[in-house]
Amino acid sequence: MAQRDYYEVLGVSKDVSEADLKKAYRRLAMKYHPDRNPDDTEAIEKFKEAKEAFEILKSKEKRAAYDQFGHAGVSNQPGGGGFGGGGADINDIFGDVFGDIFGGGRRGGGGGGPRVYRGDDLQYNLEISLEEAVSGTSTEIKIPNLVACEVCDSSGAKRGTTPSNCSTCHGVGQVRMQQGFFSVQQTCPACRGKGKVITDPCPNCRGQGRVQKEKTLSVKIPAGVDTGDKIRLSGEGEASDSGGPAGDLYVAIVVKSHPIFQRDGADLLCTVPINFATAAVGGELEVPTLDGRVKLKVPAGTQTEKTFRLRGKGVKPVRGGAVGDLLAKVRVETPVQLNSEQRDLLMKFHDTISGSNAQKHSPQAHSWLGGVKKFFDDLRG
């Protein structure tokens, strides 16, 4: 059967760039890889065909010979006539993307050497008051943490000794595994990718290269933070066990509940009880804010749930924007523990607003009672 044009196999034009050539090959290899298509002979053949085309076209010399003479110009070239020929390692082409699927990728160190991993990130939950969240503050926290062992300089080996190369991977940190037609690179199971083994461990860290310590850190809390916000302290996480950089520490903010205020984004909410007389005839009311007390004028006839907005008395968001407002919701409090004189006065007052005056003085109650009467009339009808 005649061989297909290599450009046609990869679905690219003759002036394709090196980057686009790799992309085209990656797409076909991922689609037709034998591990993804077990027992599918057609897929295996397409995979081999795509690899052969890529091996020729990725080389400037081979590509020039192919462009001039076709398949005849590359028929004797290494890597030009089969799946197992020379050329780039499949891992060099796919890197982490292909390796994540088939186990051959590299993380951290890359380059085929021992892998170097970053230390783990840590999270510390910090409780602060609403006042501290609104105005900002600084505080110190103590955290238990894995830090580099100073005795062995994080090598894990006893002072005066050094780790030796792993006999399984010969210090590379990775081993090659043959899976059918495909060779993949995996982390060495003997040294876990470090490339070194410790025969005489450090007594201080017991060969781990890290020790547990409690350290004190100063944390600056910016004004306007809220529950769920996180502050990152770079390099204050756990030390790496393979010589890499330390992880980060994330300080997660938890704002404690407040006895007076609730927060809703940039706004503050509070409920203000007022007595019956002030609600009826009006007056002045003192409302608390985080800056102190302010006077609020209450109009006559104020009802429960009436909300007053005090502009600019809320929170300035940590990510910028206008300062929020304070929303003060009124709750009319019914008098309790009345003496006989107060009871008599209220009964006389009640008589003056009842009967024919009920609609005028209590419009909501009158309207509600009218609705109830209509409901039962409709049921009987």
Does [X] reach the main-chain N or O of [Y] with its side chain, forming a donor-acceptor pair under 3.5 Å?
X	Y	answer
Glu132	Ser129	yes
Glu150	Ala148	no
Thr137	Ile221	no
Arg206	Pro201	no
Asp229	Asp226	yes
Gln342	Asn339	yes
Asp153	Ser155	no

*Decide side chain to side chain donor-acceptor pair (under 3.5 Å) for Asn125 and Gln123; before the verdict, give the C-alpha distance in whole Å, the side-chain angles of both, and the deciding distance to 0.1 Å.*
CA-CA 7 Å; Asn125 295 331; Gln123 178 168 307; 3.2 Å; yes
*asked:* Show, in sequence, the C-alpha distance, side-chain angles and deciding distance for Leu285 and Thr278, and conclude whether the side-chain contact (heavy atoms from CB on, under 4.5 Å) test is met.
replied: CA-CA 9 Å; Leu285 187 67; Thr278 302; 5.6 Å; no
*Please report the shortest heavy-atom distance between Pro273 and Glu333, naming the atom on each side.*
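Heavy-atom minimum between the residues: CB-OE1, 4.5 Å.
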*Do you know the tightest heavy-atom contact between Gln303 and Val332?*
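That would be C-CG2, 4.1 Å.
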*Does the pair Asp325 and Arg311 meet the rule for a side-chain contact (heavy atoms from CB on, under 4.5 Å), with working shown?*
CA-CA 5 Å; Asp325 304 327; Arg311 298 197 178 277; 3.4 Å; yes
Tell me whether [Y] is reachable from [X] by hopping between hydrophobic residues (I, L, V, M, F, W, Y) whose side-chain heavy atoms are closer than 4.5 Å.
X	Y	value
Leu122	Tyr250	no
Ile198	Val172	no
Val330	Val294	yes
Ile260	Leu310	yes

Taking NZ, NE, NH1 and NH2 as the nitrogens, is one of them in [X] or [Y] under 4.0 Å from a carboxylate oxygen of the other?
X	Y	answer
Asp40	Lys46	no
Glu236	Lys215	yes
Lys329	Glu305	yes
Glu286	Arg293	yes
Arg118	Asp248	yes

*Quick one: sort the His33 and Phe47 rings into parallel, tilted or perpendicular, breaks at 30° and 60°.*
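Because their plane-to-plane angle is over 60°, the rings of His33 and Phe47 count as perpendicular.
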*Measure the acute angle between the ring planes of Phe54 and Tyr25, then classify it against the limits of 30° and 60° as parallel, tilted or perpendicular.*
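Parallel.
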How about [X]: does its [atom1] atom have over 12 heavy atoms from other parts shown lying under 6.0 Å from it?
X	atom1	value
Glu18	CD	no
Gln212	CD	yes
Glu8	CD	yes

*asked:* Can you confirm whether the side chains of Asp15 and Ser13 place a donor and an acceptor under 3.5 Å from each other?
replied: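 There is such a pair (donor and acceptor under 3.5 Å, judged by atom type) between the side chains of Asp15 and Ser13.
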*Would Val219 and Leu249 count as a side-chain contact (heavy atoms from CB on, under 4.5 Å) if you check the C-alpha gap in whole Å, the side-chain angles of each, and the deciding distance to 0.1 Å?*
CA-CA 11 Å; Val219 183; Leu249 172 65; over 6 Å; no
*Show the numbers, then the answer: is there a side-chain contact (heavy atoms from CB on, under 4.5 Å) between Val134 and Glu131?*
CA-CA 5 Å; Val134 172; Glu131 290 85 349; 6.0 Å; no
*asked:* Using the rule side-chain hydrogen bond (donor to acceptor under 3.5 Å, both in side chains), only one of Lys14, Glu49, Glu52 pairs with Tyr6; which is it?
replied: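 For Tyr6, the side-chain hydrogen bond (donor to acceptor under 3.5 Å, both in side chains) test succeeds with only one of Lys14, Glu49, Glu52, which is Glu52.
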